[in-house]
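These notes are about the structure you will find just below.
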Number of protein chains: 2
Amino acid sequence: MARTADPERAAARRDAIMRAAIALFAEQGFESTSAAEIAKAAGLSSGSVFYYFADKRAVFRALFERDLPAARELVARHATGDDPVASLLAMVDVLAADAMDPLAPGIMVELVRQVGKDPELARLITETAATQHAGFAALVERGIRAGSIDPALDPGEAAQWIQVAIDGAFLNADPDHDPRPMLRRMITRFLSRPCDHAGDHA
Amino acid sequence: MARTADPERAAARRDAIMRAAIALFAEQGFESTSAAEIAKAAGLSSGSVFYYFADKRAVFRALFERDLPAARELVARHATGDDPVASLLAMVDVLAADAMDPLAPGIMVELVRQVGKDPELARLITETAATQHAGFAALVERGIRAGSIDPALDPGEAAQWIQVAIDGAFLNADPDHDPRPMLRRMITRFLSRPCDHAGDHA
DNA sequence: GTCTATAGCTGGATAGAC
DNA sequence: GTCTATCCAGCTATAGAC
């Protein structure tokens, strides 16, 4: 009854294409990577790429399809905790973990570019980012009510700046250096209530 | 004696090409923008681009050639001041000013991509970034000695994180929203000495 | 100095063999 | 289902007219 003779083999090939594609897109960019190159790197022939994917753009999109459910799950997992700041930092840690991947800056940059060209990709990424944003904003709000976050902050704006910091870390990714400690320092202090003796010393 | 009949006209045309190019590169990307498109937007004919520039890549490089002298001047101007943190924030303000330009994210992204492909551009950008980095690091060190910056910070690492934050702001640029107040908050607090009653309230 | 025309090449996507 | 062969569009860069 199976449509495909061997669904497992088909999934493996799709996966091989995606793995080859992510490396090539990150290193060379989307436009500079030909379908033939991807096929070769995946151990297949040129035309096969178009059997598994509608077009080159669909290959790129597929690389980010798992991110939306992952974001939903991440937000749900950290929505209910005793300490909102701790939950928020745990989310940051997870999102920033991939920033040590040497492919991260290349993929990040290519993603921004392709989002402007592929409306379907744009919808996917917008929703993923909005999901993370909502999760952060809710935690900031809870932190404010609990007194552990500066009430002068607007939760939505603060959430966006947390994402800005993570984006910056991705862009400057370095495989030899874990960005998370400094990212935590930056975000913790950004959120905390003002410290009335800030520059004391004198 | 003049080599060119009208050097002023020539400079104006070069400039027109550059202005047209920066918009197109930011919106569509480098690879997706043809030389013919640039020429048309500049009010010239296709071949003329190659009269004023050696090749398409040189057009892109030209867009960043003024950044290195500008960085040197900026660093020099803020090297000597009574308050290192204030000088540092003034530098950040200048560098982040362009983040309100709607073209900023597109150009930023394209720059990262092209730096990986054009070694001459890479040299230029690396030196520009290193100049800014050195300026920030020197100010952080002075701030530590003056007691206004947390001595636990490594000046080089702190300088890099200031650049990370600025990069993030560029990537998420929004013409309607000045990122500088929040950027200042984030950096000030990142640098400041620890505040021993951080999460008080209870 | 600047334009027109085009050479020469590359790459996405398909058609049809197997 | 997968590969080979190929078509056609679109691009950079140049050569030569004016």
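Letters A, B, ... are given to chains in the order of the sequence lines, protein chains preceding strands, and every chain is numbered from 1. Note: hydrogens, waters and symmetry copies are ignored here, and every other heavy atom, side chains too, is used.
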All pairs passing ring-ring contact (aromatic ring centres under 6.0 Å, His included) where residues 92-143 of chain A contributes a residue, at least two apart: none
Pairs flagged by ring-ring contact (aromatic ring centres under 6.0 Å, His included) wherever residues 63-114 of chain A is involved - sequence neighbours left out: A/Phe60-A/Phe64
Quickly work out the [X] [atom1] to [N] [atom2] distance and round it to whole Å.
X       : N     : atom1 : atom2 : result
A/Arg9  : D/dG1 : CZ    : P     : 12 Å
B/Leu44 : C/dT4 : CG    : P     : 11 Å
A/Tyr51 : D/dT4 : OH    : C1'   : 17 Å

Residue whose nearest DNA chain C nucleotide is more 5′ - B/Tyr52 or A/Gly47: B/Tyr52
Salt bridge (Lys or Arg N to Asp or Glu O under 4.0 Å) involving A/Asp101 - partner list, sequence neighbours excluded: none
By salt bridge (Lys or Arg N to Asp or Glu O under 4.0 Å) - contacts of B/Arg19 (at least two apart): B/Asp15
Under 4.0 angstrom between A/Ser48 side-chain N/O and D/dT2 OP1 or OP2: no
Student check: side-chain heavy atoms of A/Glu120 and A/Arg57 closer than 4.5 Å: no
Non-neighbouring partners of B/Phe170 that pass ring-ring contact (aromatic ring centres under 6.0 Å, His included), sequence neighbours left out: none
Within the sub-3.5 Å range, which N or O atoms of nucleotides 7-13 of chain C have a protein N or O partner, and how far apart are they?
| unit_1 | atom_1 | unit_2 | atom_2 | d |
| --- | --- | --- | --- | --- |
| C/dG12 | OP1 | A/Thr33 | O | 3.3 |
| C/dG12 | OP1 | A/Lys56 | NZ | 2.8 |
| C/dG12 | OP2 | A/Ala35 | N | 2.8 |
| C/dA13 | OP2 | A/Lys56 | N | 3.3 |

